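Numbers here simply count residues along the sequence, with the first being 1. The structure presented is a predicted model; accordingly, all values stated were derived computationally and were not measured.
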Amino acid sequence: DTLSRILRAASSQLELVSDLLDLARIEQGKLICNLRTSRIADLVPTLRETMDALLRDRQVVFEVEVAPDAVAMTDPERLRQVLTNLLT
């Protein structure tokens, strides 16, 4: 349990650094988006893991329903970043 918490914290820190680098790329006009057809449901496990960790000691529940066949033309990593930022 302790090791998994450490790994999640390290992963979160890495995501923060990555987000900061992306912000710098946006400001420089050098951010590249790789658009492709992506299943929205594929993003749910990562979002659920993030929200479960954030809401662990709160009386708030994260629930999401996505149609299994819902797709979007998007950069899945950028969409994950946007959704994570909106939810947190």
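Considering all non-hydrogen atoms of both residues, Met73 and Leu35 come closest at SD-C, 4.1 Å. The nearest pair of heavy atoms linking Leu43 to Pro76 is CD2-O, 3.7 Å. Scanning both residues, Asn85 and Asp19, for their nearest heavy atoms gives OD1-OD2, 4.2 Å. The two residues Leu31 and Ile26 have their closest heavy-atom pair at CD2-CG1, 3.5 Å.
Rounding to the nearest 0.5 angstrom, the gap separating the CZ atom in Arg80 from the CD atom in Glu77 is 4.0 Å. Taking CG of Leu7 as the reference point, atom CG of Leu14 lies at 12.0 Å (rounded to 0.5 Å). Annotation: the span from Ser18 atom OG to Leu23 atom CG amounts to 11.5 Å, rounded to 0.5 Å. Once rounded to the nearest 0.5 Å, the distance linking CD of Gln81 with CG of Asp22 reads 4.5 Å. Put simply, CG on Leu20 and CD on Glu15 are 12.0 Å apart, with the number rounded to the nearest 0.5 Å. For the atom pair Ile40 CD1 and Asp69 CG, the distance stands at 11.0 Å (nearest 0.5 Å).
Judged by distance alone, with hydrogens and angles left aside, the side-chain atoms of Thr50 form no donor-acceptor pair with the main-chain N or O of Arg48 at under 3.5 Å. Checking side-chain atoms of Arg78 against main-chain N and O of Thr74 turns up no donor-acceptor pair under 3.5 Å. Proximity of a side-chain donor or acceptor of Asp75 to a complementary backbone N or O of Asn34 within less than 3.5 Å is detected. Between the side chain of Arg39 and the backbone N or O of Pro68 there is at least one donor-acceptor pair closer than 3.5 Å.
Under the 4.5 Å side-chain heavy-atom criterion for ILVMFWY residues, no single connected hydrophobic cluster contains both Leu86 and Leu79. Tracing side-chain contacts under 4.5 Å through hydrophobic residues (I, L, V, M, F, W, Y), one reaches Val60 starting from Val44; they form part of the same cluster. Cluster membership for Leu83 and Leu55, using ILVMFWY side-chain heavy atoms within less than 4.5 angstrom, is shared.
For the pair Leu47/Thr84, a side-chain contact is recorded, criterion being any heavy-atom separation below 4.5 Å from C-beta on. For the pair Val66/Val64, a side-chain contact is recorded, criterion being any heavy-atom separation below 4.5 Å from C-beta on.
Shown here is Arg58, whose CZ atom has no more than 12 heavy atoms of other residues, nucleotides or ligands within 6.0 Å. Atom CZ of Arg36 sits in a sparse spot, with 12 or fewer heavy atoms from other residues, nucleotides or ligands closer than 6.0 Å.
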